[in-house]
Amino acid sequence: MDDISHIIDTLNDAQRDAVTTEDQHALILAGAGSGKTKVLVHRIAWLTQVMGFSSYNILAVTFTNKAAAEMRGRIEALVGNQSQGLTMGTFHGIAYRLLRQHFQEAGLPQSFQILDSDDQKRVIKRLLKTMELDEQQWPHRQVQAFINGEKEEGRRPQHIDPGHNPFVKRMVQIYQAYEAQCKKAGLVDFAELLLRAHELWLKHPHLLAHYQSRFRHILVDEFQDTNTLQYAWLRVLAGATGKLFIVGDDDQSIYGWRGAKIENIRQFSQDFANVKTVRLEQNYRSTGTILKAANALIAHNQERMGKTLWSAGDDGNPIKIYEAFNDLDEAQYVCNQVNQWVKEGGERSDAAVLYRSNAQSRLIEQALLQAKIPYRVYGGLRFYDRAEVKDVLAYLRLILNRQDDAAFERIYNHPPRGIGAKTADMIRDIAKMEGVSLWNAMESLLEQGLTARAQTSLMSFKTLIESLEESGEGQELKDQTMQVISRSGLQLHFEKDTSEQGQSRLENLDELINATSVFKTPQSAIEDSLGDVAYASPLAEFLAQAALEAGEQQADKWESCVQLMTLHSAKGLEFPLVFMVGVEEGLFPSQQSTDDAYKLEEERRLAYVGITRAEKQLMITFANRRRMHGSEFYPQPSRFIKEIPNDCVDFVRLTGSARPSSGGQTSGWNETKLNDALAQQTGFALGDRVFHQKFGEGTVLATEGAGEHARIQVNFKAAGSKWLVVGFAKLERL
DNA sequence: CCCCTAGAGTTTTTT
DNA sequence: ACTCTAGGGG
């Protein structure tokens, strides 16, 4: 046997226990920063290098392409090319591969393409129009959520019993129509990929048996994020003999709202016998103080599998909690602290500002801009989601498959070529009446004859697509794409737009050409003796990849930039300096979650994720006053702040540290400490009830300055909020 | 066909 | 308050 020391020597006891387990199944509860990816990577090395399994027998599943790429990189670094043959990818990516391989068994046309969420939305909107349903009553968002939700539970329209519920009845009707539409056009949405892959197992036992005997070991990352369908798919694939190695953290489950079932991770040990459970609790990321705060906070959740993070390192600095007068002040504080950090020798890119909702980034951005601090906002539109890029892709899709109505709808008159709404309606009518695609309907309309102008425009479109297909045959993908961009008129169309936006659109099209030129048909990730055709044409593969990997959202850190992102997109990342801003009731936890214990626990997990992103220094801020949706709010500090032990934190106000000298209590509300400090300055504390001769009763919202000249802000029942100078206002305390 | 305006919506995001 | 989009008017 080879020297295996490099595989196990760098692991701690728990990690080694996990990596070398011989039980049939394993559930690895991996706390934040506990070396989760390391365990997965070393497990694969262990199986192949020590246990003698072929990498061909291993399937590793992740949620994001980024995670898959990182894991692949680390495996190659550890075991070199021995990892070749390993099947690894996202749930959707693997499902796609399977369906390509077995398109016939899956009941799909060979040229099927993927419908991304935006395409799906458009299809649904168009469908609602065709069905003459009022968008007010049947909002496309709701329809989309219904369809995806049902699919993720594994249900087809015929599986849903609407009972006497007219709402569900109609939804099912729409679902049914949507399904028919997709089938006709050869389109598969994201949830459909998973559902078909699941049905593939159920309907074709010989295929299932084949893959069961092939994938002896199945490793799953971020298991707490699996939805019902994904877990079902895994269960069926594992069967009686497959070995599941599940890694996850129930405390970091933050995607319940999009179908993830935290219950899956709790259920796992019950669904399978012989499950070894290992807890990875040693944290290599954060200071003791940060971990203590995180542990205390998450302990407020009832439904937990239980885990306590600890660190061999020292306690580090206390967590700074800053109470801002308003949102602007909060943003300013972030700027000041970043500058301070840099002055003390830190890197700007060490700092991340995390917020609950995207809208919060604007003020922070403005303040950073003003302070001339470079920053980068994560999230937002990804490359393949950009309208101009999708336009080109739609041309390519229609070239590949004329039945693709979604593509047709997008481009038949884009750029404008004189095919008006009236002509389009005629096409749709024919398509509906005769049950054919829009393309076919267009053809029969052309045969019937139209007004000269419409006839010419429509014919030119038809000829364009056909001639693009013709010239594309045998052509490199890159050249075909360039042809599409120029001959479709998109190039000219965007060139006419001299604004900055038009410019950037052209740049994106160049970037797209670049992407097609470097694109390589992927090595069949699931090589197989059963199927004849591993993949479709390079064009089809490129389009599928564009949908499955819409472009890196989480690119590398920009050099020397403060990182701005939502708490959700911070999962999996770490930063020396972390700001959590807007930690206020109503914002975080969000208003929509406060009256639901289940949702509230998810918000708390989100707070836990945020806290555990910090390596050295964590700063939490909240404001007494905030503008939102056009009006003023006077939020209370978040309950999550109260759940952090007092001895972990340092309260800060603009006037300096307001930390009382005495320590002692570790529970109870920090407000006491805070208000004591404030009261010393103004004579009034936040939340004090006061009476004013003219304005009547009110509550103190904010204070500023100290002594006679101090000002306080009071929210009066009748008169609204006012700033008053303490020395003049003659306020009575109630 | 393009531009403008009125109206709606505004937690979180991947695939 | 602000942004996005649909639909109408020029």
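Lettering follows sequence order; numbering is per chain, from 1.
- Candidate nucleotides B/dT14, B/dC1, B/dT13 were compared by shortest atom distance to the side chain of A/S569, and B/dT13 ranks first.
- With centres under 5.5 Å and a plane angle under 30°, the ring of A/W257 is stacked against the base of B/dT12.
- The distance from atom NE2 of A/H140 to atom C1' of C/dT5 is 10 Å, rounded to the nearest whole Å.
- The A/N413 side chain lies nearest to B/dC1 when the options are B/dT11, B/dC1, B/dT15.
- For A/S590, counting side-chain heavy atoms from C-beta on, the closest listed nucleotide (B/dT11, B/dT12, B/dC1) is B/dT11.
- Using cut-offs of 30° and 60° on the angle between ring planes, the pair A/Y211 and A/F215 is parallel.
- Here A/R627 lies in heavy-atom contact (under 4.0 Å) with sugar-phosphate atoms only.
- Among the protein residues, A/K125 comes within range of the sugar-phosphate backbone only, with heavy atoms under 4.0 Å from sugar or phosphate atoms but none that close to a base.
- Distances were taken from every side-chain heavy atom of A/T566 (C-beta onward) to each of B/dT15, B/dC2, B/dT12; the shortest belongs to B/dT12.
- When heavy atoms are screened at a 4.0 angstrom cut-off, A/S357 is found touching the sugar-phosphate backbone but no base atom.
- Residue contacts shown for A/G418 are limited to sugar-phosphate atoms, with no base heavy atom under 4.0 Å away.
- Listed nucleotides C/dC2, B/dT14, B/dT11 differ in distance to A/Q592; the shortest reach to its side chain belongs to B/dT11.
- A/D116 comes within contact range of no nucleotide atom at all, as no heavy-atom separation falls under 4.0 Å.
- Note on A/R417: only backbone sugar-phosphate atoms sit closer than 4.0 angstrom, heavy atoms only; bases stay farther off.
- In this structure, the separation between CZ on A/R605 and CG on A/D250 is 7.5 Å, given to the nearest 0.5 Å.
- Within 4.0 Å of A/S631, counting heavy atoms only, lies no atom of the nucleic acid at all.
- Note on ring orientation: taking the six-membered ring where Trp is involved, the planes of A/H414 and A/H493 are perpendicular (angle over 60°, cut-offs 30° and 60°).
- At a threshold of 4.0 angstrom between heavy atoms, the contacts of A/Y255 are confined to the sugar-phosphate backbone, with no base atom among them.
- Here the P atom of nucleotide B/dT14 and the CG atom of A/L193 are 17 Å apart, to the nearest Å.
- Side-chain proximity of A/P416 to B/dC1, B/dT13, C/dG7: nearest is B/dC1.
- Each of B/dT11, B/dC1, B/dT15 was ranked by its minimum atom distance to the side chain of A/E603; first place goes to B/dT11.
- Here A/D225 lies out of heavy-atom contact (under 4.0 Å) with every strand.
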